[in-house]
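The analysis underlying the following values was restricted to heavy atoms, covering all of them including side chains, and did not include hydrogens, waters or symmetry mates. Each chain gets a letter, A, B and so on, in the order the sequences are listed, and its residues count up from 1.
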Amino acid sequence: MAARGGGGRTIRVLNVAEKPSVAKTVSGILSNNQGLRMREGRSRYNKIFEFNYTIQGQPCQMMFTSVTGHLMEIEFEGRYRKWHSCDPVDLFEAPIQKHVPEDKLDIRRTLEEEARKCQWLVLWLDCDREGENIAFEVVEVCSSVNSQLNIWRAHFSSLIDREIHQAVQQLTRPNQLFSDAVDVRQEIDLRIGASFTRFQTMLLKDAFVFNFPTDGRNLVLSYGPCQFPTLGFVVERYWEIQAHEPEEFWKIQCSHTTDEGTANFNWMRGHLFDYTCAVLLYEMCVQEPIATVTKVRQQEKLKYPPHPLNTIELEKRASRYFRMSSEKTMKVAEDLYQSGFISYPRTETDSFSTRTDLHILVQEQQAHPVWGPYAQRLLDPSSGLWRNPSNGGHDDKAHPPIHPTKFSPGESGWSEDHKKLYELVVRHYLACVSQPAVGAETTVEIDIAGEMFSALGRTIVAKNYLEVYRFESWGGSLIPNYTFGQQFTPTSLTLDSGITRPPPLLSESDLLDCMDKAGIGTDATMHDHIKKLTDRFYATKEASHFKPTNLGEALVMGYDDMGYELWKPYLRSMMEEDMKAVSVGNKRKDDVLATCLQQMKACFLDARVNKVKLFQALEIFFDRTNRTGGDDQHNHGQLVRRCDVCHDSDLVLRKKPDGKFMIGCSAYPQCRNVIWLPGSISEAVVTQTVCNTCTPGPVFKIEFTFRRLEIPPGFSVHHLGCVGGCDDVMRQLMEMSGSGHRNSSTTPARGRGVTAPSRNNSQPNQQQQPQRQQQQQQQATCSFCHQTGHSSSDCYSLTSQNRSARSQRANSNNGDSPLPCTTCGSPCVLKTANTESNRGRKFYSCQSQGCKFFVCWEDSIPTTRGGGSRSATTTSRRGGRGGGQDGGNGRFVSATGDPVSGRSCFICGDPSHFANACPNRGMRN
DNA sequence: GCAAGGTC
């Protein structure tokens, strides 16, 4: 702190904290609870504490009050607030104002009244970017009534006496850059959120039949840079599950039982997808079933207690242990915090400060009837149970990890959820300061006919923290004693089949994990974003797992089909990087704002041009209403020819709202036959001239006018063209611009198809390209939004090049041979496997949505066995021990061609089944 | 009727 106050005269200092509890605690610490007075402010929650204090020799009369988080909000100016007052694209530039909302006016009044009386303002907001921004909001309010205020910032990371005294003696100036970063975030969030939300709501809400229970409220199809990536995680997992093709695998299981117990030996190959190979190896084991012990290893293993608890871990664990939603968890935690039983529940910190008195917290818990005795042992040095907690590596510099602050055996007013959550916080804390559990592990490896197997036995030597942390367990199993070189005959040796399973739907804990890793939301808001998915009817939660609704899936699909990754976390991650750059002065606030908004506006305009993708995606799931939902591009047009797809309606020429032309079927959406025309057309009129070549006729020719600079030299600006297929000029221009014919009447939209987005419609001609590319490289021009200074890979509105989920969906539809599904009876298709062990092998799979059942391998069908797609020399994964089927008589052969076994069961010889289904399989002593 | 971030 460089400046001093008013010499020896007592000055009045207004201190402002981010929340009432901090104002109270800091006042208590600084005053040492001596001469501390409290009086009411204008807001019933935000009291004012008064006491005397000396800052660097300067006697001060301290006034300490608080806000409750942000004091201000940003909003569009009045004339832009009504949804129909402007085009949503205008929201990228509409004037924005920051104001104190109605429910914070009383806090503002308190600040104004106190600031008028003071010479200094000391800001005690949380020490993060948001806290710095709130600090500037407080400064704005206070300075407006007292421009002479001397403004200071106190830095503290926990509410510990020494740190607070130190903070007030080392005041600095507030950091404008930190605050700027938050201003940028707020403005981008508002402009993107409001524009896209209005756009997609007004476009789709009335165009489809949605039967969501909105309780009389308007249906809002919101978009937000946090809620959409959260939805994206849910949809992506769902697509992964749908794209999963079950595959059968085989593994050899061995067990050995003695008086000392049972050892289950696992095949060290894991499992094989090649049945023949597995059978051959199994057969060798059966023929030479003596096991030889090749390794016995004994070692001590430790299982460590968890790190101290932060918000995300609290939410994840409450979800896992109690199936409590993150929203509920935070509500209950807030209650417990408000009533003083646990510490502040919104914290990223998972390590305790070295100055925290950890023992006091345990002492309080000694009285508890259930975990009290454990707390007593923990405090007894002779038990050796105490261990200083580990460091999780996160520190928000504002709050300690979540820990119990007051003992309770359970309050009468507590719900079951309150009891569970308090217990979790206490047990977690006690676990953190306990020794790890100790186990003795024995690993035994055996060899049967050259195949290796291993078994693990564990005995728990000391449970330690597991005694109190009942939510975790550590399975122990006794196995017999073995010695190196020992031989024995297994009790059972079986060839078991299994089938690969898709991953499960995302649990709340998984979803929080995804968001945490991708930086979506903050610890205080993540549960809000999750709840928003269900509030907006984008996802449902069933048995603690999230599944997208048709609406959620369709919206993501629509943007994905446009090629945008608005539903992926990258946009938020890039914004977060820019915020960091602003906060350390590496980028200017105005530059980041301008660049980001320019790019997002380009993305918005492009999305609007391609809105048909959203329609197509929603049409897969919902019926259309008679209302257009603002989409009028399919209403009128000039007749070009009879539709060559539905043969029932006409193909008509239309001009789209963006000025570009297309030819589509008048029966849209029942028929989605469409011809996209080059973007270089400035005018197009259907003439009465009929093409003499194209059939079936009549096909009316069109008088086109092209923009000179957008067509190659040698092409005429005026052209009487035919779109029936005979016209080379049109064909060439269409190819150059990536436009052309598409029949989408039978295929739901997936991927770009031939519909080139408008940005590609004015490609330079061949001669111009090298020069243009060079210019682009020199200027680093984004090929998407056409702004300089970044490439398309750095564009906020990233286009999707890597569409794994969609390509999987597309690839899964490569079959052509019908066969009824054994599960649902729907027709199946023949597909080609793409896994390492079965690449190229054909199989039948059900095509019915929601079934997707793997039916069988093509070569396992009896009538086709002789000519199966696998060759007789299929090699196993075991080098020289290859084996397979011969091509003709269906017998197994070894790599040398010697017959090994017939196609009948090699265990009992019955031709009606194979060994894996044999009732006698396995070998018993 | 829209975002996300604070907190009560």
Side-chain angles (χ1 to χ4, degrees), chain A residues 17-23 43-47 66-76 80-86 88 90-92 94 96 98 100-101 103-104 106-107 125-126 128-138 179 181-203 205-206 214-230 311 330-331 333-335 337-339 344-347 396 398-399 515 519-532 535-536 566 571-572 575-576 579 600 604:
Chain A
E18 190 160 320
K19 41 192 164 281
S21 62
V22 172
S43 151
R44 57 187 282 228
Y45 300 110
N46 306 84
K47 315 289 182 192
S66 55
V67 288
T68 45
H70 276 286
L71 184 58
M72 295 181 168
E73 281 178 9
I74 58 165
E75 187 48 284
F76 294 111
Y80 292 92
R81 280 184 214 156
K82 288 236 180 295
W83 277 42
H84 292 277
S85 66
C86 66
D90 295 343
L91 299 178
F92 283 95
I96 277 175
K98 211 167 192 181
V100 179
D103 61 338
K104 301 281 175 76
D106 47 5
I107 299 178
L125 288 305
D126 291 356
D128 52 24
R129 290 206 300 252
E130 294 295 333
E132 211 67 20
N133 190 265
I134 301 170
F136 278 88
E137 293 172 358
V138 172
S179 176
V182 174
D183 284 341
V184 172
R185 179 200 55 74
Q186 287 180 335
E187 188 169 337
I188 292 173
D189 284 347
L190 176 64
R191 292 190 189 278
I192 298 177
S195 56
F196 273 92
T197 299
R198 288 187 193 181
F199 158 65
Q200 61 187 30
T201 303
M202 293 195 288
L203 179 71
K205 186 183 69 136
D206 294 326
T214 55
D215 297 335
R217 283 170 298 141
N218 281 328
L219 179 69
V220 175
L221 308 184
S222 64
Y223 173 84
C226 284
Q227 55 176 270
F228 242 57
T230 306
T311 305
M330 291 313 290
K331 256 192 191 137
E334 182 66 27
D335 265 3
Y337 164 67
Q338 289 296 329
S339 44
Y344 188 70
R346 288 182 285 273
T347 175
D396 63 13
H399 307 284
M515 295 169 76
I520 300 298
T522 68
D523 50 290
T525 60
M526 278 154 85
H527 66 274
D528 282 336
H529 302 313
I530 294 176
K531 182 165 184 292
K532 190 146 275 175
D535 288 349
R536 296 284 189 227
L566 292 171
L571 172 65
R572 195 67 183 172
M575 280 170 60
E576 182 58 31
M579 301 305 106
M600 288 310 298
F604 179 89

Point to revise | Which residues share a side-chain contact (heavy atoms from CB on, under 4.5 Å) with A/Thr525, sequence neighbours left out | key: A/Thr522, A/His529
Exercise for review: List the protein contact pattern of nucleotides 1-6 of chain B with one symbol per nucleotide (5' to 3'): B for base contact, S for sugar-phosphate-only contact, - for none; contact means a heavy-atom distance under 4.0 Å.
Suggested key: BBBBBB
Check your understanding: Listed by chain and number, what are the side-chain contact (heavy atoms from CB on, under 4.5 Å) partners of A/Ser222, not counting sequence neighbours?
Key -> A/Thr197, A/Val220, A/Gln227, A/Arg536, A/Tyr538
**Study point:** A/Tyr337: partners by ring-ring contact (aromatic ring centres under 6.0 Å, His included), with sequence neighbours left out
**Key:** A/Tyr344
Exercise for review: For A/Tyr223, check ring-ring contact (aromatic ring centres under 6.0 Å, His included) against everything at least two apart and list the hits.
Suggested key: A/Phe196, A/Phe228
Practice item. State which residues pass side-chain contact (heavy atoms from CB on, under 4.5 Å) with A/Lys531; sequence neighbours excluded, sorted by chain then number. Key: A/Glu327, A/Thr534, A/Asp535
Exercise for review: Check the distance between B/dT7's C1' and A/Arg44's CZ and give it to me in whole angstrom.
Suggested key: 15 Å
